[in-house]
Each structure stands twice: as C-alpha cells, then as structure tokens.
Amino acid sequence: MVTPVSEQTSWEGLTPEEVAAGVAETQKFLLDRKATHRSHVPVRRDFVQLPPRAESRHSLLAQFVQGRDARGLKAYLFIIAITSSDLDGWSTTLNSSVWARAIGATATAEPTGARAAVNKIFDRLQKRRLINYGRVPGTHDIRVTLLREDGRGGEYTRPGRENRDPYLKISRDLWDSRAIDDLGLPGLAMLLVLSCERPGFELPPERTPDWYGWSADTTERGFKELARKGFIEVKKTFKSAPTSPRGYTHSNRYTLLPPHIHRGRSTPQIDAPVS
C-alpha cells in the first residue's frame, strides 16, 4: 500500500527531518481519513460519571485525573476520534511509529523511546478495560480495538447508533485548532464534565469529590483554565444570605462557547440559530 504524502510543489533541497510529518500533521491526516464527515466525537456519558443508580458515581475519568494521566486521556479520546467504523470491529491499525506521532509520544522522546511510550500508554488503557491492543504478527503494526467506555470490558458500539445511551460530543476543533496540546488535565476533565450538562451548569467545587471523584481544587483549576483559554463563559449569580458575613452568597454558572457544545444541543453553525 502506498502511503499518501502532503501535497507540495517540490521537496527538492529539503532534508528528511524537514519533510517528515509531525504530531499535528499526522493527527490531521488520520482525522481527515477516518472522520471526514464528523464535526464532533461521541463519548458515552458513563466515561465521565456513572448514572445515579450506581453505588458510586465515580467513573473512568476519575482514574485518569487521580493518576495525573493526561497523556493517556488524550490518547484515548484520539483513538475514539479516528476509529470510525464497525466494519473492522471498531479497530484501528497503524505502524507503531505512526501511533507514536498520533498520540504525541514523539514530542518528548526519541523514536525508540516514543514507541516504548506507546506500549505503556496502551497498557494503561487496556488495564482500564477501555481498549484491547496487540501487534499484528509479522509486522510493526499495532491494532487497537475500542471497548465500551464504562470500563467493564463490553464490546464497543457507537453511541447514538441503534441505542439510546446518553453521550457527550467532543468538538473535532479540539485537535484541528491544536487546543488539545496546551489544555491541562484539570481543564480537559472539566470540559468533558460540562459537555455532559446543560448550559449554565452550576457545580459547587466541594461536591466534585462525591460526584466525579477528584478534588475541589482540581475542579477550580479546570474551570479557571477553560475561562482563560476561551472555552467557557462564566456568569456569577448572587443570593441573599442574612447569616453570611457579607449578607449574600454567590455561585458561578458555566456555559461552553462554540464550537464546544452541551448535551442536547446540535452542532453550532456560523450565522445560524442553534437548535
């Protein structure tokens, strides 16, 4: 199979290092190939928070946050984004070096170390029962197969296709704009939380240990990062409180800004009303 290359009039005079695809170019190519007609990536809400009937509402996202595994979380979301069909059992197969670029492992390591990092990341995802992976015999390819997002090891199906499982939508712009590169783990976690909720969501930080499984401080840092980087609008609301030292209390209400969307909202269109 011939591997397509980026279009350019001439490569003459350039070194291999100058023409080699990097993380951003590799991710864009894979997204264009696998998710051309999809502006958002669906992820079941069970990944962020288990339903009210569960004994504990903490889900797999809490494990990433508690383990400070930003790289693993970003890799997992990207795997979902580029795995677009059940024709191959919801699997994606790439050369190990391509995987290293695709999940950003080459940004901080040489090729050999980056490939080793891929195995470590995939090991963590497999232990959380979010994927299965393995080498294709006789090749340097690695095949990654999605499992259901709740971490129980069930077969993956695309949410919204022949099922009514609640899910959130992650904007593809997170990768296209490269916002994913600079978004820290607290910010990414809170982006996923807000994507599960209605606009104007109010979340007292002190409730997040019970509701989501991480600290109030992580929640506050996440909201601040999202506000600073233009992901959200924050509105303060005030309420009379006679026993408060100031006579009132306040709370924050958070709303995602386009192209990021809340549950129950259609994809925002430029110069068009949002349904």
task = Give the C-alpha distance, both sets of side-chain angles, the deciding distance and a yes or no for side chain to side chain contact (heavy atoms under 4.5 Å, CB included) between Leu191 and Leu256.
result = CA-CA 8 Å; Leu191 176 64; Leu256 291 169; 3.6 Å; yes

message = For Asp173, is there any backbone N or O sitting under 3.5 Å from a side-chain donor or acceptor partner on His260?
response = no

ask   = Does the cation-pi check pass for Arg128 over Phe64, that is, NZ or CZ under 6.0 Å from the six-membered ring centre and within 45° of its axis?
value = yes

inquiry  = Side chains of Asp217 and Arg221, heavy atoms from C-beta outward: is any pair under 4.5 Å?
reply    = yes

message = Within the structure provided, determine whether Thr92 and Leu30 are in side-chain contact (heavy-atom separation under 4.5 Å).
response = no

query = Which residue pairs pass the side-chain hydrogen bond (donor to acceptor under 3.5 Å, both in side chains) test when at least one of the two sits in residues 201-210, sequence neighbours left out?
reply = Glu202-Ser251, Glu202-Arg253, Thr208-Thr219

ask   = Is there side-chain contact between Ile121 and Arg71, with heavy atoms separated by less than 4.5 Å?
value = yes

task = Would you mind reporting whether Ile232 and Lys224 have side-chain heavy atoms less than 4.5 Å apart?
result = no

ask   = Considering all heavy atoms of both residues, which atom of Leu226 and which atom of Gly187 are nearest to each other, and what is their separation?
value = CD2-O, 3.4 Å

Side chain Glu220, main chain Pro205, donor-acceptor under 3.5 Å = no

inquiry  = Counting C-beta onward and ignoring hydrogens, is there a side-chain heavy-atom pair between Leu192 and Ile170 closer than 4.5 Å?
reply    = yes

query = Can you check side chain to side chain donor-acceptor pair (under 3.5 Å) on Thr157 and Arg44, steps first, answer last?
reply = CA-CA 10 Å; Thr157 57; Arg44 280 182 176 80; 2.7 Å; yes

message = Do Leu257 and Phe231 sit in one hydrophobic cluster, given that two such residues count as connected whenever their side-chain heavy atoms are within less than 4.5 Å of each other, even indirectly?
response = no

query = Roughly how far, to the nearest 0.5 Å, is OG of Ser195 from CZ of Arg263?
reply = 11.5 Å

request  = Check for a donor-acceptor pair, side chain of Thr145 on one end and backbone N or O of Ser91 on the other, with a separation under 3.5 Å.
outcome  = no

Derivation and outcome, side chain to side chain contact (heavy atoms under 4.5 Å, CB included), residues Trp211 and Val193 = CA-CA 11 Å; Trp211 291 355; Val193 167; over 6 Å; no

ask   = Arg178: what forms a salt bridge (charged side-chain N to carboxylate O under 4.0 Å, His left out) with it, not counting sequence neighbours?
value = Asp181

key: Residue Lys229 excluded, over 12 heavy atoms near NZ under 6.0 Å   = yes

note = Rounding to 0.5 Å, atoms CG (Leu194) and CD1 (Ile261) come to a distance of 13.0 Å

key: Nearest-0.5 Å distance, CZ of residue Arg68 to CG of residue Leu185   = 9.5 Å

query = With no hydrogens and no angle check, is any side-chain donor or acceptor of Gln66 less than 3.5 Å from a backbone partner on Gly213?
reply = yes

inquiry  = Checking Tyr133 against Arg135 for the side chain to side chain donor-acceptor pair (under 3.5 Å) test, could you report, in this order, the C-alpha distance in whole Å, the side-chain angles of both residues, the deciding distance, and whether it holds?
reply    = CA-CA 7 Å; Tyr133 87 101; Arg135 287 196 176 274; over 6 Å; no

message = Using a strict threshold of under 4.0 Å (side-chain N to carboxylate O), is an ion pair present between Asp46 and Arg152?
response = no

ask   = Would you say Leu73 and Trp214 are hydrophobically clustered, going by side-chain heavy atoms of ILVMFWY under 4.5 Å?
value = yes

message = Main chain of Gly184, side chain of Glu225: is a donor-acceptor contact present, judged purely on distance under 3.5 Å?
response = yes

query = Is the backbone N or O of His58 less than 3.5 Å from a side-chain atom of Ser56, with the two atoms forming a donor-acceptor pair by type?
reply = yes

remark   = Of all heavy-atom pairs linking Leu125 and Ile79, the shortest is CD1-CD1, 4.0 Å

task = Could you state whether Phe201 and Leu61 fall into the same hydrophobic cluster, counting links through intermediate Ile, Leu, Val, Met, Phe, Trp or Tyr residues with side-chain heavy atoms under 4.5 angstrom apart?
result = yes

request  = Evaluate the side chain to side chain contact (heavy atoms under 4.5 Å, CB included) criterion for residues Asp165 and Glu149: first the C-alpha distance (whole Å), next the side-chain angles of each, then the deciding distance (0.1 Å), finally the verdict.
outcome  = CA-CA 11 Å; Asp165 298 334; Glu149 298 98 322; over 6 Å; no

inquiry  = To the nearest 0.5 Å, what is the distance between CD on Glu110 and CZ on Arg115?
reply    = 10.5 Å

query = With a 4.5 Å heavy-atom cut-off, do Phe47 and Leu168 have their side chains touching?
reply = no

ask   = Under 4.5 Å between any side-chain heavy atoms of Ser97 and His140, yes or no?
value = no

task = Please state whether the rings of Trp90 and Tyr156 are parallel, tilted or perpendicular, taking 30° and 60° as the class boundaries.
result = perpendicular

query = Hey, are the side chains of Glu197 and Leu203 touching, using non-hydrogen atoms and a 4.5 Å cut-off?
reply = no

inquiry  = Looking at Lys74 and Leu183, would you say the former's side chain and the latter's main chain have a donor-acceptor pair under 3.5 Å?
reply    = yes

query = With no hydrogens and no angle check, is any side-chain donor or acceptor of Arg57 less than 3.5 Å from a backbone partner on Leu50?
reply = yes

message = Same cluster or not: Leu130 versus Leu77, using hydrophobic residues (I, L, V, M, F, W, Y) connected whenever any side-chain heavy atoms lie under 4.5 Å apart?
response = yes

query = Under 4.5 Å between side-chain heavy atoms, hopping through other hydrophobics if needed: is there a path connecting Val65 to Tyr254?
reply = yes

note = Looking only at heavy atoms, the pair that brings Leu31 and Ala81 closest together is CD2-CB, 3.8 Å

key: Whether Trp99 side chain and Ile142 backbone form a donor-acceptor pair below 3.5 Å   = yes

Any donor-acceptor N/O pair, Arg129 side chain to Gly151 backbone, under 3.5 Å = yes

